[in-house]
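First up is the structure itself, then whatever we jot down about it.
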There are 2 protein chains.
Amino acid sequence: MKGVSARTIAAAAGVNQALVFYHFGSVDDLLTAACTMHTRARVAAYSAEFARVTSLRQLLDVGRKLQVAERELGNVSILAQLLAAAQGDPKLGASVAAALQLWVDEIESVLRRLLTGSPFAEVADLGGLAKAVSAAFVGIELYAGVDAEGSQHAMGALEQLAVLVEVVDDLGPISRRALNAKINRAVRTR
Amino acid sequence: MKGVSARTIAAAAGVNQALVFYHFGSVDDLLTAACTMHTRARVAAYSAEFARVTSLRQLLDVGRKLQVAERELGNVSILAQLLAAAQGDPKLGASVAAALQLWVDEIESVLRRLLTGSPFAEVADLGGLAKAVSAAFVGIELYAGVDAEGSQHAMGALEQLAVLVEVVDDLGPISRRALNAKINRAVRTR
DNA sequence: GTCTATAGTAGGATAGAC
DNA sequence: GTCTATCCTACTATAGAC
């Protein structure tokens with residue numbers, strides 16, 4: 001990881017470099033520990049906000065806010081580097097996956113709350129959808145790092161998708177039943 | 001970048017380490033050049049397949065295939081590391097963004113072809129949607145590196161979203177006009 | 001627990017022979 | 001254009017004083 005070393009970490013903490021190894025054994029172990037602790041803290045900081053969400057678009061608004069905040073804190077680059085490093089490192093991969101899962105769980109519970117009774121929920125795998133949303137979010141965060149304006153458009157498009165789902169949820173019983181049947185047929189014929 | 005150095009690159013190419021600097025000036029410059037060339041080649045290799053796509057689900061199938069192939073070639077980790085490295089490096093960022101844009105353009109042209117005349121297309125920003133799809137795809141690729149099974153579910157969820165859009169597209173003229181009005185109203189009231 | 005000092009390693013980059 | 005040889009830097013990790 002470029003710019004992340006026992007030395008830079010220790011300097012940021014105002015302590016000696018050797019302490020990294022005394023307390024954590026290795027830089028990687030420190031990173032996995034930090035990743036877990038930090039994510040737990042961030043998820044906790046946002047859980048009240050997630051709980052207040054009452055529509056898909058509000059969920060996206062929280063996501064937007066989160067993205068800006070994380071970027072200002074410089075956490076996006078860290079997440080990216082961790083994910084990248086984790087690609088070829090099963091041990092680091094496990095702890096990054098566990099950290100991501102904290103976000104996924106939060107999002108899944110919101111989706112479950114919002115979409116219960118929706119025609120979409122009857123055929124959708126909400127766990128998978130939460131994972132997809134989280135992954136998309138990570139992707140857009142990374143994208144924002146290389147094309148800020150483009151990432152705004154991407155977020156806007158997600159919002160339009162959310163509108164689509166909400167509108168479908170808002171249909172009257174007749175069109176809704178028709179839609180339901182079509183969705184079921186379409187999914188089944190795969 | 002872990003494991004990527006002038007020495008390892010030169011070794012893989014069966015040449016001397018000093019040549020990296022002779023031909024490219026620096027490792028970073030080599031990387032940006034390789035990123036651009038490689039992406040161009042991959043996009044070209046898949047463009048025929050993109051052209052044959054006639055539904056959103058087929059588009060996702062191409063994506064799935066692409067993901068497996070890229071992972072087997074070890075390109076996912078490279079993309080991830082490039083994106084991560086690009087977060088704090090404007091120059092590298094520009095070339096990674098340009099490479100990503102090649103995929104985005106391809107996807108946007110498919111979306112434009114598939115969704116023309118759809119109620120969704122009338123309100124959707126297809127450029128933004130293409131970016132969102134690409135970003136989501138990158139996110140899922142990275143996610144697959146730390147949780148293979150979870151990423152399958154995420155892809156499945158995207159497919160269900162695609163079904164939703166397709167089903168809406170397939171509605172009769174009456175329900176469709178109603179839906180259209182609702183979408184327009186929902187988008188306008190933002 | 002925290003420090004200094006240091007061994008050992010990997011990598012970026014250049015000079016100069018061929 | 002390609003090689004060898006080399007310098008310099010930054011890093012991980014450990015040993016041992018305090």
Side-chain angles (χ1 to χ4, degrees), chain A residues 1-41 73-99 145-146, chain B residues 1-41 73-99 145-146:
Chain A
M1 278 209 203
K2 187 104 155 195
V4 177
S5 71
R7 280 172 163 81
T8 58
I9 294 167
V15 295
N16 188 276
Q17 175 250 127
L19 288 184
V20 167
F21 301 96
Y22 178 77
H23 286 288
F24 295 92
S26 74
V27 174
D28 256 25
D29 288 349
L30 179 152
L31 248 30
T32 62
C35 174
T36 306
M37 285 193 235
H38 176 83
T39 307
R40 226 183 278 282
L73 291 170
N75 293 333
V76 175
S77 160
I78 293 175
L79 169 72
Q81 309 241 10
L82 277 174
L83 259 174
Q87 295 295 311
D89 179 341
K91 200 180 147 212
L92 184 55
S95 76
V96 172
V146 300
Chain B
M1 280 214 204
K2 187 104 156 192
V4 177
S5 70
R7 283 174 165 83
T8 58
I9 294 166
V15 296
N16 189 274
Q17 173 250 88
L19 288 184
V20 168
F21 302 95
Y22 177 78
H23 285 288
F24 294 92
S26 73
V27 174
D28 256 26
D29 288 347
L30 178 151
L31 249 27
T32 63
C35 174
T36 306
M37 284 192 235
H38 175 81
T39 307
R40 227 183 278 284
L73 291 171
N75 292 335
V76 175
S77 161
I78 293 175
L79 169 72
Q81 309 241 11
L82 277 175
L83 217 39
Q87 295 295 312
D89 180 341
K91 199 179 148 214
L92 184 54
S95 75
V96 171
V146 300

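In this text, all values refer to a predicted model and were calculated from it rather than measured experimentally. In the text below, chain A, chain B and the rest are named by the order of the sequence lines, each starting its count at 1.
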Determine the minimum heavy-atom distance between A:Phe21 and A:Ser26, stating which atoms define it.
CD2-CA, 4.1 Å
Distances under 3.5 Å between nitrogen or oxygen atoms of protein and nucleotides 3-9 of chain C:
| unit_1 | atom_1 | unit_2 | atom_2 | d |
| --- | --- | --- | --- | --- |
| C:dC3 | OP2 | A:Asn16 | N | 2.9 |
| C:dT4 | OP2 | A:Asn16 | ND2 | 3.0 |

Just jot down the side-chain hydrogen bond (donor to acceptor under 3.5 Å, both in side chains) partners of A:His23, sequence neighbours excluded, or say none.
none
CG of A:Leu82 to NE2 of A:His38, rounded to nearest 0.5 Å, is 10.0 Å
Tell me, please, which residues at least two apart from A:Val4 pass side chain to side chain contact (heavy atoms under 4.5 Å, CB included).
A:Met1, A:Ile9, A:Leu31
Taking salt bridge (charged side-chain N to carboxylate O under 4.0 Å, His left out) as the definition, give me every residue that meets it alongside A:Asp28, ordered by chain and number, with sequence neighbours left out.
none
On a heavy-atom basis, the closest approach of A:Phe24 and A:Ala33 is CE2-CB, 4.1 Å
Which residue pairs pass the salt bridge (charged side-chain N to carboxylate O under 4.0 Å, His left out) test when at least one of the two sits in residues 3-19 of chain B, sequence neighbours left out?
none
Shortest non-hydrogen pair, B:Ala86 vs A:Val146, comes out as CB-CG1, 3.7 Å
Going by number, which of residues 21-33 of chain A have a non-hydrogen atom under 4.0 Å from DNA chain D?
A:Phe21, A:Ser26, A:Val27
Is A:Ser5 close enough to D:dC11 that one of its side-chain N or O atoms is under 4.0 Å from OP1 or OP2 there?
yes
